[in-house]
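Report on one structure; see the data block that follows.
Note that these values count all heavy atoms, side chains included, but never hydrogens, waters or copies made by symmetry. Letters go in sequence order (proteins before strands), and every chain restarts at 1.
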Amino acid sequence: MSTTQVQEPTPNEIKDTKLYQAWGLTDAEYELIEQKLQRLPNYTETGLFSAMWSEHCSYKKSKPVLKTFWSKNDRVLQGPGEGAGILDIGDNQAVVFKAESHNHPSAVEPYEGAATGVGGILRDIFSMGAQPIAVLDSLQFGNPDQAETKRLIDGVVAGIAGYGNAIGIPTVGGATNFDATYQQNPLVNVMAVGLLNQADLHVGQARGIGNAVIYVGATTGRDGIHGATFASSEFDSHQDQNRSAVQVGDPFMEKLVMDTTLNAVREFGAHIVGIQDMGAAGLVSSTAEMADKAGRGMQLNLDRVPQREAHMTPYELMLSESQERMILVVEPEYAQSIMDLFKAQDLNAVQIGTVTDGKQYQLYFQDELVADVPVDFLTSAPKMHMAQTKPARLEKVASDYQPDLAQPSETLLALLAQPNVASKASLYRHFDCSVKANTVVKPGQADAAIVRIRQTDKALAMTTDINSRLTYLDPFIGGQRALLEAAQNIVATGATPIGITDCLNFGNPDDPEIYYELAQSVAGINDMAQLLNTPVISGNVSLYNETDGVAIHPTPMVGMVGLISNTDLIVTQNFKAVDDEIYLINPQPAEFNGSELQNMVQGQLSGALKPIDHKQVQAIMEKVQTATKRHLVQSVHDLSEGGLAVALSESLMETPFGAQVELKTPLNDIFSEVPAQFIVSVSSAQQQAFEDLMGTAAMKIGKITPVPELHIIGNDAKEIQLPMTQVKEKYKDSLWQRLQ
Amino acid sequence: MYLAKINVIYKTSVLDPQGEVIKSALHRLDYQTVERVVQGKYFEVTFDAPNEKTAQQQVAAMTNDLLINPNTETYHYTLTEVAD
Amino acid sequence: MYLAKINVIYKTSVLDPQGEVIKSALHRLDYQTVERVVQGKYFEVTFDAPNEKTAQQQVAAMTNDLLINPNTETYHYTLTEVAD
Amino acid sequence: MVKTAVVRFPGSNCDEDLFYALADLNLNPVFVSAQEESDLSDYAAIFLPGGFSYGDYLRTGAIARFSPIMDAVRHAADAGQLVVGICNGFQILTESGLLPGQLMQNATPGFICDEVMVNITNPNSAFTRAYTSTSVKLPIAHADGRYYADAATLQELVEHQQIILTYQDNVNGSVEQIAGITNVAGNVIGLMPHPERAMEALIGNVDGRGFFESIQASLPA
Ligand SMILES: Nc1ncnc2c1ncn2[C@@H]1O[C@H](COP(=O)(O)OP(=O)(O)O)[C@@H](O)[C@H]1O
Ligand SMILES: [Mg+2]
């Protein structure tokens, strides 16, 4: 037991020793606090400010960029700023979603880091009053041959499985990519999607003077103290101290908290004023933000906080990031009944404070006032203006990459074996994707996952997408293409894209080049979001993804949701029948810069990316949607890593068929990667209607054959001819074998 | 040949969800006097080493390298010499 | 107050996949002399009892009732008296 | 009117799917809390769903077997009512001794979510009699699905035709590839596969329907 009562430094000592710097506060910020309070902040107060003013909690550095996101259209019921964003899907229902990064915790402690990432994002969803229905995970690792990467993958995959499977929310999709840039700094981004009855909508606000502030869920321990500050600093591989900041998750507890919170919303919804989960900077950030949003003050009695360890100080209680805890603000007459719901499940439920008149945030501990600061001051870190410079590498653009492939069949097999292309089934097989029996399209079956909404004809499509290679070559176009890729994946399932969330994974924002990348990527995402009518309704920023001074490639992750009005419109990527015709949608001159092929052949990326033609992209996306709505296509798959060659292979993967394809271009073009391209298969009955609709936007390239062989001929007489057994083996076994 | 018996538990500051749930279960089974339950792991590792000192070093090394997570767990062990 | 330290392992007739996995991992980490690894569970239960004899009976009862599955597992324990 | 019960343990998470599957066949399901002592004598069939009861801490099913409802479940089993344990429900039934043997960690440790081919080894049981084929594809989702029983127990299972389902490919290392067994009387079943996740063409599999249709056919009208 750590019972040692170390004497806390006095306010003067904090100032003299500049202790606040170790917690991330700058001299200027400290002085500002001193000025505003007209006294020196004490130890607890300094702790509160350092956590609340960290980048992780305040977004003080990224805010100027985030503010530019377009986040309004007639579906948006809740944009950024709450636990999660909300979109209207009709019938008084809404979809709620958000993504979150758990990069630093997962680097240190892969199992618990990933597990608590899932736990945290789910709390964001059910704190809005919504039932979580799906989890997706976007994972970026270093070289799969390195023992350290294997250890990280094992831990992260087991952690997501351990939490998601136990709580019973299906993990339906995601992405797994490998690049040396993530060797020291893996990325673990998780997205959760929930279904809301609009009447149950709750936000994180502490309205109503005299209302009760109720703490529910797990006890508070010393785990994760200063996690927010930790996530707001660079990682030093030689320094182990940061390690104490990792928490252990308890999915069993979270399931009880989730189910009971949702029950409380159904039973006492009108009397529950606000709900918020305790995430980064735990108790202080949840309560202070709730008070601030309502323009109120708050008083808390810390002696009442359920504690797991003895002798915790106010500082520790406020900054602990123990998991599975929530704050409810409720009308006092209903406080007892609501707490009884939780107690019936053996959960803690305690009134720890009240909403007050005025704007002070006041903490009492052992009958003493231990913190007394203005709420709105605590929640508004001083704005920062960040410098931007275009990185030198973007100034001198290399010439275009033109492949010259002597053995195209071998090239295709090698591409299929690339860790970024090969099947991830050996990893996602550990995730329960079908619990609740609502998952219509599972991992590996289509470009996006689909979850149906019971008691309606509707379904939701969802995907996460990242392409840091493109963002590295051109942050703006890379951002555009991250969003476009997500939209392609959604559209390929027959759904209409309706909105996005994002996770912005970047290096140290104090570096003007990195800030430039951040700003440009966001501008690119935003540009496409507006074009495709997918407002940005939530998101998360993860900065300081650097180890020993080396930043990761700029890596914006886009999580998109699409709506399907009727489940009979769902399409998957597999070819369906022999003799169906295969069409390439949006034939374009080949481009290889930033492609999987370039990465494989040259071992590096270079060259310019072609600007995106808005009109053309919009027209293609609309046409594909019209084709699926009119039931004109049997299968749809978008072209991404590895281009047409890989897409064809994937559409054959789970079928007994083969394909015969003839190109009007040189064979090499089959590896080109151009945005907004798809392959579809069309039955002979629909061929005419399909061609009438598409016009020049679709080009017939071949046919599905009964012979399980992939045969592609270029207009240069070069050809690929491979038995499907070989294609399947490469695709299915390569990654799995490498990770052994 | 040596036999190491290694007990691994969470550090006291780390949440032990299993221990808490087992404690409640024991209470429900009328073992009301149970104050605290910690669940950990137990390993028996049989291995060869030239002498006891090296054996001890090896146990510590294996345990730190693989058997425990030094961020969250601690361990203690006993070592005995056993017949080959 | 008593502290029971209880080690639970599978009966030798029962397959222990975890132990095998750990053994291979140790071999890969160059602990080549490892012959056998058994993974089990470890519990520390702190509880009150009027005297040592009752304490021992209680440990046996709790363990058989809940902590082990007697079909596949066995256990041994040590008991010490500790300050309240 | 036939009524069925779905018992909810803290940590159960396949309770809703099961409820919908039963409702689909007009078996009038009702949720029953495992944390209260209830009378189950009115229910023709009692279902223990999948999930992670009590977090599956300690051992799967080990803590759940002491839930207040379990006396009533035992009583129902003795009275000849149908008792069905799916996945975690199976684990609870073996831990509580209502079924022999035990479910242990998969031979290759780790959770597996997949669809696998399962042989119906006893087509005459109350749970398989409606199936017209001898093998079906069923979802599995578990980390502790390796069925284990000692040789004597196995022999009894064989003698009394208690082995109902076996895996075609032994995904988890179960003895005799066992995926589902009944008690001697044939009214209590435990199985690792999830027929309740295979009820609709929309979600890609209807092979679970036969399981519930069999139950329907076995119940008193
Ligand atoms: N970590 C993961 N978790 C769950 N599903 C995954 C994961 N990684 C990949 N998948 C699934 O594998 C399939 C292929 O993924 P990916 O190659 O990223 O598709 P795309 O290029 O169309 O975005 C998708 O169904 C995706 O959801
Ligand atoms: Mg795709």
Side-chain angles (χ1 to χ4, degrees), chain B residues 1-12 16 18-51 54-55 57-68 73-78 82-84, chain C residues 1-12 16 18-51 54-55 57-68 73-78 82-84:
Chain B
M1 197 72 80
Y2 291 88
L3 169 63
K5 297 183 170 185
I6 307 159
N7 284 320
V8 176
I9 54 170
Y10 277 135
K11 293 178 179 168
T12 37
D16 173 18
Q18 309 224 38
E20 285 300 309
V21 170
I22 296 167
K23 186 173 94 178
S24 319
L26 286 170
H27 285 177
R28 279 198 302 276
L29 288 177
D30 259 354
Y31 298 103
Q32 300 286 0
T33 69
V34 173
E35 295 258 311
R36 181 151 177 271
V37 178
V38 173
Q39 172 164 354
K41 289 183 200 137
Y42 173 59
F43 299 94
E44 292 181 357
V45 182
T46 315
F47 65 106
D48 207 6
N51 55 49
T54 327
Q57 287 164 346
Q58 292 226 355
V59 176
M62 285 190 249
T63 308
N64 282 307
D65 277 3
L66 186 73
L67 301 183
I68 70 160
E73 294 170 328
T74 63
Y75 70 101
H76 53 269
Y77 72 93
T78 62
V82 290
D84 280 14
Chain C
M1 198 72 82
Y2 291 89
L3 169 63
K5 298 184 170 185
I6 307 161
N7 285 312
V8 175
I9 53 168
Y10 285 129
K11 291 177 179 168
T12 37
D16 171 20
Q18 197 91 291
E20 285 300 308
V21 171
I22 296 168
K23 189 173 95 179
S24 322
L26 285 172
H27 284 179
R28 274 199 303 277
L29 288 175
D30 257 354
Y31 297 103
Q32 301 284 0
T33 70
V34 172
E35 295 260 310
R36 182 153 175 271
V37 178
V38 172
Q39 171 163 358
K41 291 181 196 139
Y42 172 61
F43 300 94
E44 292 181 358
V45 182
T46 315
F47 66 107
D48 209 5
N51 55 51
T54 327
Q57 287 164 349
Q58 293 224 357
V59 176
M62 285 189 251
T63 308
N64 282 306
D65 277 2
L66 185 72
L67 300 183
I68 70 161
E73 293 170 327
T74 63
Y75 71 100
H76 54 268
Y77 71 92
T78 61
V82 291
D84 281 13

Bottom line for C:Phe43: the part with an atom under 4.5 Å from chain B's heavy atoms is both

Evaluate the side-chain proximity of B:Tyr31 to C:Asp65: yes if any heavy-atom separation is below 4.5 Å, no if none is.
yes

To the nearest 0.5 Å, atom OG1 of B:Thr33 lies from atom CE of C:Met62 at 6.0 Å

OH of C:Tyr42 to NE2 of B:His76, rounded to nearest 0.5 Å, is 3.5 Å

Checked B:Val45, B:Val37, B:Asn7 vs chain C; the most non-hydrogen pairs under 4.5 Å come from B:Asn7

Scored by heavy-atom pairs under 4.5 Å with chain B, the best of C:Glu35, C:Glu44, C:Lys41 is C:Glu44

Bottom line for C:Ile6: the part with an atom under 4.5 Å from chain B's heavy atoms is neither

If one checks every heavy atom of B:Ala61 against chain C at 4.5 Å, the contacting part turns out to be both

Whatever's closer than 4.5 Å to a heavy atom in chain B on C:Leu29 counts as side chain

Per-residue tally against chain B (heavy atom, under 4.5 Å) across C:Ile22, C:Asp48, C:Leu67, C:Leu26 peaks at C:Asp48

